[in-house]
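Quick note on labels: first sequence line is chain A, next is B, and so on, each numbered from 1.
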There are 2 protein chains.
Amino acid sequence: MPGRARVSRPAAERLSLYLREAERLAALGRVTVSSRQLGASAGAADAQVRKDLGIIGTSGQPGIGYDVAALAAAIRAVIGVQERWRAALVGAGNIGRALAAYRRLCEEGFEVAAVFDRAESVVGRRVAGIEVLPIEAIAETVRREAIGIGIIAVPPEAAQEVADLLVAAGVRGILNFAPRRLQVTPRVPVVDVDFRSALERLVLAVSQRDEESTADRPLAARPGARGVDPRRKR
Amino acid sequence: MPGRARVSRPAAERLSLYLREAERLAALGRVTVSSRQLGASAGAADAQVRKDLGIIGTSGQPGIGYDVAALAAAIRAVIGVQERWRAALVGAGNIGRALAAYRRLCEEGFEVAAVFDRAESVVGRRVAGIEVLPIEAIAETVRREAIGIGIIAVPPEAAQEVADLLVAAGVRGILNFAPRRLQVTPRVPVVDVDFRSALERLVLAVSQRDEESTADRPLAARPGARGVDPRRKR
DNA sequence: GTTTGTGAACCGTTTCACAGCA
DNA sequence: TGCTGTGAAACGGTTCACAAAC
């Protein structure tokens, strides 16, 4: 029974990273992984990894570890990337074009099936081989092309409107690159990717680190610290 | 005394959103905001907002709310975006170029001061008006141009090497677009922005939502649900 | 020896509830 | 009445510790 399980937000993020590591190891010909190695690649403790994998119903062998192939398959099943996801990209600006050109996505179960833009100067052109359609065509195209997710890469002012169009057209989830919180029905999950927010978080982390090193004692291995994790010992 | 306070990861994300809302309201001419309105724009409860603002030392007026201008200034001070941050962008591929062209960043306290790439076919060209330099020039340029943060937009295979170069050159933080966990000294914070991970998180959320609606009773306002938050009543 | 699986303790964040002020 | 500030309670995720399995 695949797909059973409630996965928390941070756990979902980690699963994504475990999957990457499992794929990397599989390509290298490795057959098993330990929870510790898996954890190192995701910045998590080994016990954390075992908890995560336990939740999604994957089990390993004591003394051996987890089967790399089975692990990857199990994570894909939980995430839901066994089949191909077709996406509608709205906004053929800088971010939109970069995304459409990001060919690697195809190998990972995703596919940009249609591109939309409001500007007449862009409509009709081709972006990564796909003809740009006017946003009025969203509803019909999403249905015809069996599109599951919408990607919003438009200026913040237009984001809400586009979100409404996509939801009305029947997409099941939205990836939002616009720096604006979208108001959509809870039936359609939204994941935000926000450059500015990321930069601000980074700068805040830098500031906090500065204060620590000047105010507190110079060298102190902080508990929540990132990097080459110093979890050893038992 | 600005900058005093320990801010948790989720709190940092929210502060970033409060700042956006405060700026938006300021532009609209509004003078005060309530914690509830601020919370709605960030997907947080009102009490949460008050806690957050209390931590950074901002206080509002009972019965009135928070002063929009003072709030924005306080958040900027905590984040550390009063001054301008100069960034080194490594990787002039699709994502790199999109980022360099994202002019809005300038208005928000950030500036791409240099662009680097390894490919000889790209070095010497101009990206958003900036000449692309070879990655060997990172160390010298970062120092000369007083660059504080590095942005990694290269393929995953090269990410770690670039990270090492940036850290050696003396950047204080790294924004990483490569889908690879970087191993860097804890002294240099890293914030990851990962499209694939975001897409996978989205698809997982979609799958989970599907199961809920089919397995459980059809209509149920879930507690952790997103969207127009139904927090009313008291 | 190595590594998994898991109950229990721990910790930080979120929510609740309400006193206090405009 | 509307809204802030805050202790206390509730919640959820992480870490610990160790028995069991290889």
Practice problem: Give, for atom CG of A/Asn176 and atom CD1 of A/Ile152, the distance between the pair rounded to the nearest 0.5 Å. | Solution: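 Atom-to-atom, A/Asn176:CG and A/Ile152:CD1 are 5.0 Å apart.
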Exercise. Output the distance between atom CZ (A/Arg103) and atom CG (B/Asn94), rounded to the nearest 0.5 Å.
Key: 10.0 Å
Nearest listed nucleotide, side chain of [X], among [options]:
X       : options                : value
B/Ala47 : C/dC16, D/dG5, C/dT4   : C/dC16
A/Ser34 : C/dC16, C/dT14, C/dT3  : C/dT3
B/Arg50 : C/dT14, C/dT4, D/dG5   : D/dG5
A/Ala45 : D/dT15, C/dT14, D/dG13 : D/dT15

Quick one: label [X] by what it contacts on the DNA or RNA (base, sugar-phosphate, nothing), any heavy atom closer than 4.0 Å.
X       : value
A/Gly54 : nothing
B/Arg14 : sugar-phosphate
B/Gly60 : sugar-phosphate

Practice problem: Decide yes or no on salt bridge (charged side-chain N to carboxylate O under 4.0 Å, His left out) for A/Glu157 and B/Arg104, but give the supporting numbers first. | Solution: CA-CA 13 Å; A/Glu157 305 80 47; B/Arg104 210 177 293 235; 3.6 Å; yes
In whole Å, I'd like the distance from the [atom1] atom of [X] to the [atom2] atom of [N].
X       : N      : atom1 : atom2 : answer
B/Asp46 : C/dT14 : CG    : C1'   : 12 Å
B/Arg6  : C/dG12 : CZ    : C1'   : 14 Å
A/Leu53 : C/dT3  : CG    : P     : 15 Å
A/Ile56 : C/dT4  : CD1   : P     : 14 Å
A/Leu38 : C/dT2  : CG    : P     : 19 Å
A/Asp67 : C/dT4  : CG    : C1'   : 15 Å
A/Arg36 : D/dC16 : CZ    : C1'   : 15 Å
B/Gln48 : C/dC16 : CD    : C1'   : 12 Å

Between [X] and [Y], is there a side-chain N and carboxylate O pair less than 4.0 Å apart?
X        : Y        : result
B/Asp194 : A/Arg20  : yes
A/Glu161 : A/Arg180 : no
B/Glu23  : A/Arg196 : yes
B/Glu13  : A/Arg9   : yes
A/Arg36  : A/Glu21  : no

Exercise. Check salt bridge (Lys or Arg N to Asp or Glu O under 4.0 Å) between A/Glu83 and all other residues, then give those that pass, not counting sequence neighbours.
Key: none
Give each protein N/O atom lying under 3.5 Å from an N/O atom of nucleotides 8-10 of chain C, with the pair distance.
residue, atom, partner, partner atom, Å
C/dA8, N6, A/Lys51, NZ, 3.4

Taking N or O atoms only and anything under 3.5 Å, show me the protein contacts with nucleotides 20-22 of chain D, one pair per line.
residue, atom, partner, partner atom, Å
D/dC22, O4', A/Pro62, O, 3.2

Practice problem: Could you check B/Ser8 against A/Val33 and say which one's nearest nucleotide on DNA chain C is further toward the 5' end? | Solution: A/Val33
Practice problem: Using a cut-off of strictly less than 4.0 Å, decide whether A/Tyr66 has a side-chain nitrogen or oxygen near OP1 or OP2 of C/dG5. | Solution: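 Yes, within the criterion.
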Practice problem: Check whether any side-chain N or O of B/Ser35 sits under 4.0 Å from OP1 or OP2 of D/dC3, and answer yes or no. | Solution: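 For D/dC3, neither OP1 nor OP2 has a side-chain N or O of B/Ser35 closer than 4.0 Å.
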Quiz prompt | Near-ring test B/Phe195/A/Phe177, centroid separation under 6.0 angstrom | solution =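 Yes, the ring centres sit under 6.0 Å apart.
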